[in-house]
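Here is the structure we will look at, set down as structure tokens.
Here the structure is a predicted model, which is why all the values come from computation and not from measurement. Atom set for the values below is all heavy atoms of this structure, side chains included, hydrogens, waters and symmetry mates excluded.
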Amino acid sequence: MSMSPLEELRHSASHILATALLRIFPDAKLDIGPPTDSGFYYDVDLDHKLTNDDLVKLEAEMKKVADENQPFLRKEVSREEAIEIIRSRGQERYKLGRLADIPEGEKISFYQNGEFMDLCAGTHVRYSSKLKAFKLLSIAGAYHRGDEKNKQLQRIYGTAFPTKEELAQHLDRLEQAKARDHRKLGKDLKLFVIDEDVGQGLILWTPNGSIIRQELQSFIGEELRKQGYSQVFTPHIGKLELYKTSGHFPYYKESQFTPVVENETLSRIVREGCSCAEMVARLDAVSSKLRQTVNDRSGREIIPESRVLDADKLLDGFMLKPMNCPHHIKIFASQPHSYRDLPVRLAEFGTVYRWEQSGELNGMTRVRGFTQDDAHLFCTEAQVAGEVLGCLSLVKVVLNTLGMSDYRVRVGLRDPDSNKYTGTAENWDKAEAACREAAKTLGVPFTEEPGEAAFYGPKIDFVVKDVIGREWQLGTVQVDYNLPVRFDLSYTGADNQAHRPVMIHRAPFGSMERFCGVLIEHFGGDFPVWLAPEQVRLVPISDKVLDYGREVLNHLKAAGVRATLDEHSDKMGAKIRRAELEKIPYTLVLGAKEAESKAASVRSRAKGDEGAMPYAVFTERVVTEIRTRALPAKAQPPA
RNA sequence: GCCCAGAUAGCUCAGUUGGCAGAGCACGUCCUUGGUAAGGACGAGGUCGCCGGUUCAAAUCCGGUUCUGGGCUCCA
């Protein structure tokens with residue numbers, strides 16, 4: 001096993017952490033301690049609950065271990081000897097299992113530094129004194145082997161660098177990242193709020209944030225018109241049976257809001273003495289007719305006999321929609337279609353609701369209610385490749401317009417060992433091939449990842465990282481041979497026969513919430529002028545030029561520019577400072593000189609003081625910048 | 001959902017061994033009318049997340065709960 005020098009250093013740091021840990025807590029049971037992208041961790045089973053004070057103590061002890069200048073010694077042993085070493089050190093609880101993971105025939109090695117010895121493939125630095133710059137960062141819970149059925153261990157995170165300077169830089173970067181965090185900027189710039197009385201994971205878009213969202217929606221709307229989409233609107237709820245037909249319920253039941261059962265039915269079954277368990281079973285069940293229909297169409301036993309209940313026992317309710325597709329499918333199915341009509345492209349900013357686990361919620365990037373810039377394309381099989389390409393180019397237009405180039409593309413394929421997918425193997429192969437081919441045309445590197453497909457088809461995802469390195473899926477294009485079958489969709493072909501259309505699901509932003517969250521961090525709050533909630537701030541130097549200020553304000557407003565006049569009685573410097581903190585792209589300073597010549601002194605976010613120009617000229621410039629959706633100029637480095 | 005840590009004014013935060021609730025910024029009024037990142041004075045603003053317990057007395061101690069943060073698990 002080869003490691004980069006940095007990984008080697010961090011891996012050694014985790015051994016030194018374990019050494020220190022066992023000195024302070026001799027009864028700790030160790031699991032594993034690998035390096036990570038930005039540091040290292042060690043998982044440990046310990047009755048004592050580690051606190052931040054313990055981190056300080058551990059760090060001090062690690063320093064001692066490093067100063068002892070212990071050599072790291074490799075020792076290769078037989079499996080029997082390995083078991084003996086682990087036993088003699090009282091570490092059999094996890095280490096024997098880790099030993100068992102090593103395939104027969106592969107070398108088994110331990111590394112020893114000082115009194116500590118750990119089962120480890122290596123490699124390591126030669127002496128513990130190499131460890132000069134490290135810091136323990138946090139304590140977290142982590143399930144043994146990442147399985148929530150296993151015991152939760154305590155994970156100690158830390159980081160290490162070759163030099164103190166690099167460590168300091170890293171910690172400084174973490175600090176700077178915090179300043180760009182969309183949750184902080186969202187509060188500072190008044191873009192959105194989450195109110196605990198409304199509910200966790202439910203975004204309230206404030207006026208400023210709503211402007212950004214509205215601009216993004218108009219932008220995408222323009223592109224959709226160019227590409228021949230039709231706009232539709234559908235409600236936020238739909239009957240449970242709809243999702244039983246689509247297969248979303250009860251398959252994804254645990255990540256959906258509980259169905260809404262209307263009052264009279266609820267009172268009736270309560271009077272009948274229906275238990276909760278029975279009610280759940282009755283909600284989950286299907287009629288024999290639905291079962292037969294779905295199974296017949298799929299040509300497979302998708303719904304088992306055991307889910308069938310007598311019609312009078314069935315309960316229907318309404319679901320908050322977890323996806324928009326069934327609604328769009330019903331619009332498509334409401335009319336007969338000829339091959340000449342295809343592709344039909346139905347687009348909607350559709351709001352969906354998913355019951356995400358509470359611990360997973362995160363600002364705007366992981367929420368329980370969100371609006372997808374969704375569309376469903378119904379096309380012939382021959383059109384699939386071309387339509388997928390069209391969707392991908394749309395995603396690229398979006399990302400290019402916003403200057404987002406730091407993303408990766410993931411082609412999500414089915415996991416051959418799982419049975420969670422619906423549809424035939426043949427269709428899956430075709431869909432996966434189409435996605436793979438389309439991805440190749442993108443001109444950016446992509447990875448194929450088995451197990452990342454949706455349950456109804458493969459997909460191409462655009463994944464970006466947030467300021468602290470967490471990955472988020474934004475734009476997505478998904479090919480679906482399955483739902484057209486489930487809903488028995490058809491069109492009439494040139495041969496006058498009924499044919500099955502193929503569906504493509506796509507969302508260039510993904511969701512407005514997540515996209516805006518990532519966008520806030522991407523721009524660090526310094527939005528391009530077309531997105532900025534306030535585009536121009538007018539700063540009159542004194543009350544004497546307020547009337548002139550109003551004249552300029554009206555001119556800008558008439559040109560469609562979002563501008564305000566700062567009428568506070570503060571000094572000009574204070575007004576400028578306020579505008580800077582609010583990250584407004586342009587500030588116009590207006591004094592007696594400007595009033596005389598119908599001018600404005602322009603101060604831009606990027607360049608600072610640009611001097612005076614006629615306000616009509618400035619207005620023209622801003623309007624052009626807005627219309628062309630120009631990206632912000634890079635701020636000039638301090639002279 | 002699980003582990004750990006938090007929650008005090010609109011924001012950022014201080015608050016000692018349990019003893020009258022604090023600062024800066026923001027906000028309001030007044031003075032000031034100015035030339036590119038903070039002019040001054042005064043004022044208003046709080047059920048210390050919520051519920052319960054211990055106590056003569058709780059922001060402070062204990063239990064529960066809600067929400068937030070960092071992870072883990074999950075993410076159609």
Side-chain angles (χ1 to χ4, degrees), chain A residues 41 43 49-52 54-55 137-157 178 181 183-184 187-188 190 193-201 243 246-249 251-256 322-325 352 354-363 365-368 372 412 420-422 452-457 459 461 468 470-473 476 478 480 482-483 505 514 539-546 568-582 587-594 601-604 608-612:
Chain A
Y41 64 82
D43 281 352
K49 295 202 162 141
L50 292 169
T51 64
N52 289 334
D54 293 323
L55 284 189
L137 297 172
S138 60
I139 305 156
Y143 299 106
H144 173 53
R145 293 185 182 278
D147 187 335
E148 65 181 326
K149 290 194 273 297
N150 288 340
K151 181 163 183 184
Q152 194 160 48
L153 311 177
Q154 300 187 73
R155 175 171 295 178
I156 304 167
Y157 278 99
K178 271 189 204 160
D181 191 308
R183 293 165 297 191
K184 175 174 167 46
K187 189 183 277 184
D188 290 350
K190 301 185 176 67
V193 291
I194 299 171
D195 186 283
E196 89 178 68
D197 290 341
V198 175
Q200 290 184 276
Y243 300 99
S246 71
H248 292 112
F249 192 91
Y251 197 87
Y252 283 100
K253 189 170 71 170
E254 67 292 335
S255 53
Q256 292 167 1
M323 298 189 90
N324 301 301
C325 21
V352 298
R354 298 181 189 174
W355 186 258
E356 305 289 358
Q357 298 192 77
S358 61
E360 261 309 329
L361 298 171
N362 182 280
T365 45
R366 190 79 183 267
V367 293
R368 284 185 173 156
Q372 298 176 314
K420 81 169 192 178
Y421 307 100
T422 62
E452 288 294 326
F455 78 95
Y456 49 74
K459 55 181 187 167
D461 291 329
I468 55 175
R470 286 183 293 212
E471 286 202 323
W472 300 100
Q473 176 198 311
T476 182
Q478 309 174 356
D480 180 4
N482 173 56
L483 285 176
H505 310 236
R514 177 175 292 177
V539 171
I541 289 178
S542 83
D543 288 355
K544 291 169 192 146
V545 286
L546 271 181
H568 287 85
S569 70
D570 300 291
K571 289 176 83 161
M572 182 192 66
K575 293 181 185 182
I576 288 171
R577 177 182 150 78
R578 192 157 45 229
E580 289 278 348
L581 291 176
E582 291 175 37
T587 303
L588 297 187
V589 176
L590 307 173
K593 278 189 290 184
E594 287 81 5
S601 282
V602 177
R603 185 188 163 93
S604 70
D609 190 355
E610 294 189 27

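Nucleotide B:C75 holds its C1' atom 8 Å from the CZ atom of A:Arg514, rounded to whole Å. For the pair A:Asn52 CG and B:G71 C1', the computed distance is 13 Å after rounding to whole Å.
Of the candidate nucleotides B:G35, B:A76, B:G70, B:G70 has the atom lying nearest to any side-chain atom of A:Ala140.
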Margin query: For nucleotides 12-17 of chain B, give me one character per nucleotide, 5' to 3': B if any protein heavy atom sits under 4.0 Å from the base, S if the only such contacts are to the sugar-phosphate, - if neither.
Written below: S-----
Next item on the list: Spell out protein contact along nucleotides 27-32 of chain B as letters: B when the base is contacted, S when just the sugar-phosphate is, - when no protein heavy atom is under 4.0 Å; keep the 5' to 3' order.
Entry: S---BB
Checklist line | Protein-to-nucleotide contact annotation, 5' to 3' order, nucleotides 43-48 of chain B [B base; S sugar-phosphate only; - none; under 4.0 Å, heavy atom] | finding: ------
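A:Arg603 comes within contact range of at least one nucleobase, with a heavy-atom separation under 4.0 Å. Residue contacts for A:Gly359: at a heavy-atom cut-off of 4.0 Å it reaches a base atom on one of the strands shown. Across all strands, A:Ser601 comes closer than 4.0 Å to base atoms (heavy-atom distances).
No donor-acceptor contact under 3.5 Å links the side chain of A:Glu356 to the base of B:G1.
Across the strands present, B:G63 finds its partner in B:C51; the criterion is a Watson-Crick or G-U wobble pair with both atom distances under 3.5 angstrom.
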Notebook entry, point to check: What's the verdict on side chain to side chain contact (heavy atoms under 4.5 Å, CB included) for A:Asp195 and A:Val193, showing C-alpha distance, side-chain angles and the deciding distance?
Noted result: CA-CA 6 Å; A:Asp195 186 283; A:Val193 291; 5.6 Å; no
